[in-house]
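Along the sequence shown, residues carry numbers from 1.
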Amino acid sequence: MKCALVTGGSRGIGRAVCLRLARDGYYILINYKSNNKEAAKTLSLIKEISDGELLQFDASKKEEIKEILGQWIESKTEKFIEVLVNNAGIKEDSLMSWMSDEQWDNIISTNLDSFFYITRLVLNTMLAKKYGRIINVASLSGLKGVAGQVNYSAAKGGMISATKALAQEVARYNITVNAVAPGFIKTDMIEGLDEKELSKIIPAKRFGLPAEVAHAVSFLASNEAAYITAQVLSINGGLYS
């Protein structure tokens with residue numbers, strides 16, 4: 001059974017990606033940290049389309065990743081994670097001069113360390129099967145840097161560089177590694193921002209939708225994208241290129 005693992009899949013971009021990949025025929029593994037209600041809602045929506053299950057672990061904790069995801073991979077030999085979407089992410093904005101150790105550590109561990117520990121586990125089976133699609137959800141912040149987001153920009157910039165490096169390592173095994181870099185997308189992460197005012201600086205004159213990011217992820221996960229790897233697709237309405 002072909003499976004897709006989406007980290008941070010309970011809501012926002014993650015939920016949209018889960019639903020889109022379910023429509024593409026994948027059995028969906030919804031990773032989430034603690035929001036049981038939203039995770040259950042996502043699973044319920046998926047079961048109207050395809051099938052899936054919840055996989056609860058903290059993506060910033062390598063011990064939990066190894067124990068829960070590692071055990072799932074070992075025990076579910078009839079299932080194969082052929083698509084991995086590294087979407088788990090948080091932000092804790094602050095000017096660097098005021099940024100605490102915790103604000104730095106939390107962002108790096110959740111947004112970047114999670115990519116390493118989760119991808120390394122899933123990659124072993126992809127290499128054995130000689131097939132896989134890895135899509136990393138980066139950010140405009142990782143491309144251009146944003147004031148007040150030194151930690152977040154560093155994490156997403158690191159993810160982008162890691163995407164390009166890993167793609168070169170595994171291309172010969174029919175495994176592609178790409179990233180999407182959303183700009184302003186209507187999710188909880190940008191709650192409180194002045195959409196009307198910020199839309200003035202976006203050429204498209206609006207914020208993006210989670211489904212628009214999910215559509216791009218779906219394409220990069222498809223067979224039609226087999227010759228596309230080490231790329232970063234900006235989804236920002238023309239704000240930055």
Side-chain angles (χ1 to χ4, degrees), residues 4-26 28-33 35 37-50 52 54 59 83-91 93 110-111 115 133-144 146 149 152-153 155-156 159-160 163 178-222 224-225 228 231-241:
L5 168 60
V6 182
T7 68
S10 64
R11 53 203 176 105
I13 290 174
R15 174 182 285 169
V17 169
C18 285
L19 293 173
R20 179 61 197 234
L21 292 179
R23 293 188 188 96
D24 292 341
Y26 287 97
I28 307 298
L29 299 176
I30 309 159
N31 160 254
Y32 72 105
K33 179 181 176 181
N35 196 327
K37 181 180 178 180
E38 291 300 316
K41 181 178 179 180
T42 300
L43 180 59
S44 177
L45 292 170
I46 284 170
K47 285 184 176 291
E48 295 176 6
I49 306 166
S50 179
L54 300 177
V83 174
L84 168 62
V85 182
N86 286 302
N87 170 71
I90 60 172
K91 68 183 183 72
D93 295 350
T110 302
N111 294 277
F115 155 80
R133 298 285 185 265
I134 299 169
I135 300 105
N136 301 315
V137 180
S139 170
L140 179 149
S141 297
L143 290 170
K144 69 179 291 290
V146 173
Q149 291 190 336
Y152 189 73
S153 296
K156 293 303 188 179
M159 175 182 271
I160 287 170
T163 295
N178 292 290
V180 293
F184 291 110
I185 307 296
K186 290 186 178 182
T187 67
D188 293 347
M189 190 169 279
I190 64 166
E191 189 175 348
L193 296 183
D194 188 337
E195 180 177 352
K196 183 178 179 180
E197 192 63 29
L198 288 170
S199 292
K200 294 177 182 178
I201 66 171
I202 303 171
K205 299 303 179 187
R206 66 176 179 88
F207 283 7
L209 302 174
E212 292 174 309
V213 180
H215 178 76
V217 171
S218 171
F219 169 66
L220 292 172
S222 70
E224 288 77 8
I228 300 172
Q231 300 305 304
V232 182
L233 178 58
S234 291
I235 308 171
N236 59 36
L239 180 60
Y240 180 80
S241 61

Next on the checklist: Please report the interatomic distance CG(Leu193) to OG(Ser199), rounded to the nearest 0.5 Å.
Outcome noted: 10.5 Å
Checklist entry - Looking at Ile30, Leu54, Asn35, which hits side-chain contact (heavy atoms from CB on, under 4.5 Å) with Thr42? => result Ile30
Next on the checklist: So, taking the atom named CG in Leu43 and the one named CD in Glu48, what distance separates them when rounded to the nearest 0.5 Å?
Outcome noted: 10.5 Å
Next on the checklist: With side-chain contact (heavy atoms from CB on, under 4.5 Å) as the test, pick out the partner of Ile135 among Val6, Leu233, Leu220, Val17.
Outcome noted: Leu220
Item to check | Smallest separation among heavy atoms of Leu45 and Arg15, with atom names | outcome: CD1-CD, 4.2 Å
Item to check | Smallest separation among heavy atoms of Ala22 and Ser50, with atom names | outcome: O-CB, 3.5 Å
Checklist entry - If you take all heavy atoms of Met159 and Asn111, which pair is closest and at what distance? => result CE-O, 3.5 Å
Item to check | Option passing side chain to side chain donor-acceptor pair (under 3.5 Å) with Asn136 (candidates Asn87, Asn178, Thr163) | outcome: Thr163
Item to check | Intermediate values then yes/no, side-chain contact (heavy atoms from CB on, under 4.5 Å), Phe207 and Ile202 | outcome: CA-CA 8 Å; Phe207 283 7; Ile202 303 171; 3.8 Å; yes
Checklist entry - Knowing that exactly one of Ile190, Asn236, Val137, Thr187 qualifies, which makes a side-chain contact (heavy atoms from CB on, under 4.5 Å) with Pro182? => result Val137
Checklist outcome for this item: On a heavy-atom basis, the closest approach of Leu239 and Leu140 is CD2-CD1, 3.7 Å
Item to check | Rounded distance [0.5 Å steps], NZ in Lys186 versus CD in Glu212 | outcome: 9.5 Å
Checklist entry - Out of curiosity, Arg20 CZ to Ile46 CD1, how far, rounded to the nearest 0.5 Å? => result 14.0 Å
Checklist entry - Under 3.5 Å, side chain of Thr110 to main-chain N/O of Gly89, donor-acceptor pair present? => result no
Next on the checklist: Are more than 12 heavy atoms, taken from residues, nucleotides or ligands other than Lys205, located less than 6.0 Å from that residue's NZ atom?
Outcome noted: yes
Checklist entry - In Å, rounded to the nearest 0.5 Å, how long is the span from CZ of Arg133 to OH of Tyr26? => result 7.5 Å
Next on the checklist: Show the nearest heavy-atom pair for residues Ala211 and Ala16, with the distance to one decimal.
Outcome noted: N-CB, 4.0 Å
Checklist entry - Shortest non-hydrogen contact from Gly9 to Cys18? => result O-SG, 3.7 Å
Checklist entry - Can you tell me how far the CZ atom of Arg11 sits from the NZ atom of Lys41, to the nearest 0.5 Å? => result 11.5 Å
Next on the checklist: Between Leu21 and Val85, does the side-chain contact (heavy atoms from CB on, under 4.5 Å) criterion hold? Intermediate values first, please.
Outcome noted: CA-CA 10 Å; Leu21 292 179; Val85 182; 4.0 Å; yes
Item to check | Side-chain touch Val232/Val180, heavy atoms, less than 4.5 angstrom | outcome: no
